[in-house]
Amino acid sequence: MYQGNGRIDHSPEFDGVDPFAEPNVLYRRNGGIFEVVSPEGGTSEILAHTSRGVAMGDVDNDGGIDLVVVNKDAPAYLLMNRLGESGNWMRFRVVNRHGSDAIGATVWATVGEERRRRDVQTATSYLASHDPKVHFGVGQARSVADVEVQWPTGETEGFGDFDAGEPVELRYGAGRRL
């Protein structure tokens, strides 16, 4: 999880160029707890601006989630995920009957023994819109099983199993009605 920061009120104890600037923070999930990644923000240089939005997506199609951070009165950051061998992934573009991204749909997949859920959405951050494709980090798993989509209409379709590491399109009407 990445947190773009920036004060909304002037801080009297700050005497720098931008009194609203704060460092951004990157968190790593360790079980059920989120821990701050060091260095702060996950970059060698601490990025301290008045950040106002964070958009997520796989910009270079390598399976890693990249970030675009929108800053007030400063250029945006493009933070490319360069962790190397960080595990396998699965990415789905979920398409409705009109050929558009199925915003509001939910994708379920089984990774090993664990059932996981991802929502098709673009909005979870102020002033930013995410890539609507759903991404599953699957660790060392080589596939995902029992992929299902619950469409915004309430209908559910099963699409089966998929090998990890390849993007897949899940189209309304192409699955098995459940």
Not counting sequence neighbours, list each pair that qualifies as a side-chain hydrogen bond (donor to acceptor under 3.5 Å, both in side chains) and has a residue in residues 48-59. Asp18-Thr50, Asn24-Ser51, His49-Tyr77, Ser51-Asn71, Asp58-Arg91
Non-neighbouring partners of Asp101 that pass side-chain hydrogen bond (donor to acceptor under 3.5 Å, both in side chains), sequence neighbours left out: Arg93
Hey, are the side chains of Asn30 and Arg28 touching, using non-hydrogen atoms and a 4.5 Å cut-off? no
So does Lys133 get a backbone contact from the side chain of Asp131, meaning a donor-acceptor N/O pair under 3.5 Å? yes
Joining Ile, Leu, Val, Met, Phe, Trp and Tyr whenever any side-chain heavy atoms lie under 4.5 Å apart, the cluster holding Val95 also takes in none
Report yes if some heavy atom in the side chain of Arg118 is under 4.5 Å from a heavy atom in the side chain of Thr106; otherwise report no. no
Closest contact, heavy atoms only, Ala164 versus Ala141: CB-O, 4.0 Å
By salt bridge (charged side-chain N to carboxylate O under 4.0 Å, His left out) - contacts of Glu157 (at least two apart): none
For Asp62, all residues meeting side-chain hydrogen bond (donor to acceptor under 3.5 Å, both in side chains), sequence neighbours excluded: none
Taken in chain and number order and not counting sequence neighbours, the residues that satisfy salt bridge (charged side-chain N to carboxylate O under 4.0 Å, His left out) with Asp73 are none
Using modelled atom types only, decide if a donor and an acceptor are shared between the side chain of Asn81 and the backbone of Asp66 within a distance under 3.5 Å. no
Looking only at heavy atoms, what is the nearest atom pair of Pro23 and Asn5, with distance? O-ND2, 2.8 Å
On a heavy-atom basis, the closest approach of Phe34 and Arg29 is CE2-CB, 3.8 Å
Expected output: side-chain Asn96 to main-chain Gly99 donor-acceptor under 3.5 Å: yes
Under the salt bridge (charged side-chain N to carboxylate O under 4.0 Å, His left out) test, residues paired with Asp146 that sit two or more places apart: none
So which pairs with a foot in residues 51-76 pass ring-ring contact (aromatic ring centres under 6.0 Å, His included), sequence neighbours left out? none
Could I get the full list of side-chain hydrogen bond (donor to acceptor under 3.5 Å, both in side chains) partners for His135, not counting sequence neighbours? none
Run the side-chain hydrogen bond (donor to acceptor under 3.5 Å, both in side chains) test against Ser129 and tell me which residues pass, sequence neighbours left out. none
Test item: Val59 and Leu78 side chains (from C-beta on) under 4.5 Å apart, heavy atoms: yes
Between Asp163 and Ser143, do the side chains contain a donor N or O and an acceptor N or O under 3.5 Å apart? no
Other hydrophobic cluster members with Val107, side-chain heavy atoms of Ile/Leu/Val/Met/Phe/Trp/Tyr under 4.5 Å, chained? Met90, Phe92, Val94, Ile103, Val111, Val120, Val134, Phe136, Val138, Val144, Val147, Val149, Trp151, Phe159, Phe162, Val168, Leu170, Tyr172
State the OG1-CD distance between Thr156 and Gln150, to the nearest 0.5 angstrom. 4.5 Å
Between Glu148 and Arg117, does at least one N-O distance fall below 4.0 Å, as a salt bridge requires? no
Crowding at CD1, Ile33 (>12 non-hydrogen neighbours, <6.0 Å): no
Would you please name every residue forming a salt bridge (charged side-chain N to carboxylate O under 4.0 Å, His left out) with Glu155, sequence neighbours left out? Arg97, Arg177
Establish whether Met56 and Val70 are linked, either directly or via other cluster members, by ILVMFWY side-chain heavy-atom contacts under 4.5 Å. no
